[in-house]
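Basis for what follows: all heavy atoms, side chains included, without hydrogens, waters or symmetry-related copies.
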Amino acid sequence: AGERDSLADVLPSSDYESSDTFQDVDHAAELLADLIEAAAVARPGQPIDLAAHSLGGVVARRAVELLDQRGRLGEGPDALPVAVVLTIGSPHQGADLAAAAVAIEGTPTAMLVDQLTEYRGAVSVHQLAGAGSIALPSPRDPPPGVVAVSVAAATDLIVGAEHAIWPGADNVLVSPGSAAGEGDDGGSVHSSLPGRHEVQEALARAAGGLRQRCAALADVVTSTLAARGISTVEDLATALLGIDRFL
């Protein structure tokens, strides 16, 4: 590729629709891993940084794990220059909402939920539920040489901070006060996380080889309690919604 060619000109592309979010996570990870390899060919030696939100962060993590399995990370002439992987509000430890969706399958409650979303039984939902034969494996430590950062907000009702932990990565906690802007609720906190200045700073520090800032102890305690409270409420809701299996 010429120096002036954009990556959009030399890499394969496809249209994205909301339904793509609910496909097999590992299939999406394979596509991303292939795209990373193609980008490395198009820009030899140029560092590759990944930043992904929500389920996209799980896909990015799985893609990096797949590249490691292929022997494409680390040292050596064929090693890919993957430098930073930043995930934002990503359910690395599964999602309570996905578990709730799976728990009510086949129940009268499910018939009501089906009126709200047609994707409740999607493959990715089952994978994030953390149970069954297609559940995603537990996240592994990032491969050597890859700087991994996982950012979470405890007031996130979609992906609580406890579920966003990536073992071995720098897990950055956005305090409740800074995560909630005017008019934000728990759901909008999740969707607005990529634009938060703390997230932008985390990416800049990772790319610059700097250590992440530490959260204040009070913020950690408050955020942990909030995350556990959200998780407990969601678990209780799951149990109540699934009780009609036995009625």
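The side chain to side chain contact (heavy atoms under 4.5 Å, CB included) search around Ala83 returns Pro47, Asp49, not counting sequence neighbours.
Residues Pro143 and Leu73 come closest through the heavy atom pair CG-CD1, 3.7 Å. Among all heavy-atom pairs drawn from Thr21 and Ser124, the shortest one is O-OG, 3.4 Å. In plain terms, the two heavy atoms of Pro167 and Pro142 that are nearest each other are O-CD, 3.3 Å. Of all the heavy atoms in Gln127 and Asp26, the pair that sits closest is NE2-N, 4.2 Å. What you find for Gln93 and Pro139 is that their closest heavy atoms are NE2-CG, 3.6 Å. Contact between Leu11 and Ala42 at its shortest, heavy atoms only, is CD2-CB, 4.5 Å.
Residues Leu136 and Val25 meet the side-chain proximity criterion, which asks for heavy atoms closer than 4.5 Å. Between Ser150 and His92, some side-chain heavy-atom pair lies under the 4.5 Å cut-off. In this structure, Val199 and Leu86 have side chains that are in contact, with non-hydrogen atoms separated by less than 4.5 Å. Side chains of Val85 and Val147 form no contact here, defined as non-hydrogen atoms less than 4.5 Å apart. Inter-residue side-chain proximity for Val149 and Thr87 is flagged as unmet; no heavy-atom pair is nearer than 4.5 Å.
A donor-acceptor pair shorter than 3.5 Å cannot be found between the side chains of His53 and Ser90.
Side-chain atoms of Gln200 come within 3.5 Å of backbone N or O of Pro194 as a donor-acceptor pair. Judged by distance alone, the side chain of Arg72 and the main-chain N or O of Leu80 form no donor-acceptor pair under 3.5 Å.
Considering OG of Ser191 and CD1 of Ile88, their distance stands at 12.0 Å, rounded to 0.5 Å. Asp156 CG to Glu162 CD: the interatomic distance, rounded to the nearest 0.5 Å, is 12.5 Å. The NE2 atom of His190 sits 12.0 Å away from the OG1 atom of Thr155 when rounded to the nearest 0.5 Å.
Here the rule is side-chain hydrogen bond (donor to acceptor under 3.5 Å, both in side chains) with Glu201, and of Gln212, Arg213, Arg196 only Arg213 fits it. Under the side-chain contact (heavy atoms from CB on, under 4.5 Å) test applied with Val84, the options Val146, Leu203, Leu50, Ile48 reduce to a single match, Leu203.
Under the 4.0 Å criterion applied to side-chain N and carboxylate O atoms, Arg62 and Glu30 are not assigned as salt-bridge partners. Salt bridge status for Arg70 with Asp78: absent, with no side-chain N to carboxylate O gap under 4.0 Å.
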**Request:** May I have the step-by-step check of side-chain contact (heavy atoms from CB on, under 4.5 Å) for Leu128 and Leu55, ending in yes or no?
**Result:** CA-CA 9 Å; Leu128 290 177; Leu55 182 59; 3.7 Å; yes
**Asked** Are Val123 and His126 close enough, and set up right, to give a side-chain contact (heavy atoms from CB on, under 4.5 Å), and what steps lead you there?
**Response** CA-CA 5 Å; Val123 174; His126 279 260; 5.9 Å; no
